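Throughout, numbering of the chain's residues begins at 1 and tracks the sequence. Bear in mind the structure is a predicted one, so any value in this text is a computation, not a measurement.
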Amino acid sequence: MSRIGAEPVPSLLGARTAPGAAPKAPPGGLSVDARSPPRTYESSCSCPRFLLPQTVLALRAMLPRPQPGGSQCRRGLRAPDAQEFARALLQWHRRGFPELGDQGGCGMGRATARVLDDPAFLQNPRAAARRAWETTGRCLAPNGALMRAAATGVRGRAFAACDAATIAEVTHADPRSTAACVAVATAASLMLDGFGRNAAGGWDVAAVAERALAAAEPFLLEDSALGEAAPQVWACSACTMENEPAATQCMICETPRPAEGAGTVNAGFGGGWTQAEASQHAYSRAVAMEQLRAALLGEEWPGKRLDGPLMGYVNTCLGAAFGSLRDACRGGRLDAGSFCEAVHRLTMAAGDADTNAAVAGALLGCAAGAKALPGAWLRACPHLAWLERIADQLVEAAAAEEFAATAPSAEAPAREAPSGAALAEEALLAEAAPRDPAARRKRRCDCVAGLRRLLSSRPR
């Protein structure tokens, strides 16, 4: 059981039951109607499940810290802090957004819940995420972190990779998840800077995807860098409860442990794999490289079917998002009609439709700007004014005179950089954050202009 201050937080995984059965307690994955009144452990937030709330949390992690009295100092966007984001995530799960009348956050994926249940989550979230990944056989690379990744591109392309990795690795330790998040954040930052935009107002999505691929590849760890794998937990085939590696029977229903290789691993992809099936999806850098490239560049691969056994896999979602962006931009300039059509088509394609559409919508929004958002959709959003205040704070911070256009400082929490990541970041910094003051000022202005373009002409 984790704690926030003096308050205990109930175990999320402890509320899980067999697929299709009602949960024992609401926190473990309940999805409620957006317009239903707030109740204990449910959220009045208008967004589906937990897609938008986690994006809001990621954005707030980069806003200036509030000063005594509740005001914010006149400072620019800052690098996110992993522990601060972890605390905000756990507080949201427990209390939701109090300013909206929430009494708790609604919806939590099993992979994320497993990490938040770690007693040391608040002290070292990256280590907690790594333990959760290790004990499930290094096979889980779900899309939970990807849905909030685009938000980490707002500080500009020099910082998108590092910011995306910091936020992603709070809950997801698989390098495939980190690399996908870096790709989305990099693409968002590139489009905000105007990279890939042609004279006709359209976009060269292939060029954006190639740059995103180059930024993401260094975050795929070499297999030898992972070390020896930890013992795996096993999940009961009767009630899906996860049990310690040495347990001989389920601690809830006392069902005997299944034979070696037959126990289920709850991948969170819409069902459970046997341990033998899960081992086929264990991390391998060579395979991960092929799948990342296929997802970004539109090549064929087994995960391309959105409603298949890999429907919740991070690269399935990544491929769906970039595919939607690519298709929408083939007709030239994006507008409200093409934006709506792209989101509708992806949502109706089944699979993990809400997350797929959330990631695609973020990229489409970066390309088209707020003017392409359907007015009817915005008018139906109960908390539009609240969201716009956050957007305005983002622009104000980006435009601040003391804009934090510097590389992560030595005082930032240390993180183990993947092989090659330091060289990739150094190259990005040389291009996107040059030492010349005039060039740095221009990059700052480009970033501010991109954010203002994104948020300008908002329909009412």
Side-chain angles (χ1 to χ4, degrees), residues 23 26-63 66 70 72 85 88-109 112 144 146-151 154 335-337 339-344 346-348 352-366 368-397 451-452 454-460:
L30 184 64
S31 180
V32 298
D33 189 292
R35 300 179 184 276
S36 62
R39 298 187 297 272
T40 302
Y41 293 124
E42 296 181 9
S43 172
S44 63
C45 194
S46 61
C47 48
R49 298 175 64 201
F50 54 102
L51 307 181
L52 182 58
Q54 291 197 35
T55 300
V56 168
L57 294 176
L59 289 172
R60 284 180 167 177
M62 292 177 285
L63 288 173
Q72 288 185 329
F85 179 73
L89 184 62
L90 201 52
Q91 285 178 330
W92 166 76
H93 158 65
R94 180 63 172 165
R95 304 181 182 125
F97 294 117
E99 65 267 34
L100 301 182
D102 291 354
Q103 297 182 22
C106 136
M108 185 68 69
T112 302
L146 192 62
M147 63 191 178
R148 61 187 185 234
V154 299
D335 55 21
F339 180 92
C340 284
E341 181 182 0
V343 173
H344 273 299
L346 187 53
T347 303
M348 297 305 292
D352 198 351
D354 53 354
T355 304
N356 294 341
V359 179
L363 293 177
L364 289 164
C366 288
K371 61 183 178 297
L373 299 179
W377 290 10
L378 293 176
R379 288 190 293 272
C381 180
H383 303 302
L384 179 61
W386 176 74
L387 292 171
E388 289 189 328
R389 282 197 298 273
I390 296 172
D392 291 337
Q393 291 172 3
L394 195 68
V395 172
E396 181 181 355
L451 287 171
R452 284 178 172 163
L454 174 66
L455 299 168
S456 65
S457 304
R458 283 174 268 184
R460 302 292 181 181

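- The nearest pair of heavy atoms linking A61 to F85 is CB-CD1, 4.4 Å.
- Here the shortest heavy-atom pairing between F97 and D102 reads N-OD2, 2.8 Å.
- Using cut-offs of 30° and 60° on the angle between ring planes, the pair H344 and W377 is perpendicular.
- In this structure, CG on L52 lies 9.5 Å from CG on L57, to the nearest 0.5 angstrom.
- In this structure, E396 CD and R389 CZ are separated by 13.5 Å, a value rounded to the nearest 0.5 Å.
- Contact between V343 and A357 at its shortest, heavy atoms only, is CG1-CB, 4.4 Å.
- Residue L146 is tested with N356, V359, T355 for a side-chain contact (heavy atoms from CB on, under 4.5 Å); the sole match is V359.
- Across all their heavy atoms, R148 and A58 have their closest contact at O-CB, 4.2 Å.
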Step by step, work out the side-chain contact (heavy atoms from CB on, under 4.5 Å) result for M147 and T55.
CA-CA 7 Å; M147 63 191 178; T55 300; 5.6 Å; no
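- Taking the side chain as every heavy atom from C-beta outward, V56 and W92 never approach each other to under 4.5 Å.
- Of all the heavy atoms in G361 and F339, the pair that sits closest is O-CE1, 3.9 Å.
- To the nearest 0.5 angstrom, L89 atom CG is 5.0 Å from Q54 atom CD.
- For the residue pair L378 and L384, the shortest heavy atom distance occurs at O-CD2, 3.7 Å.
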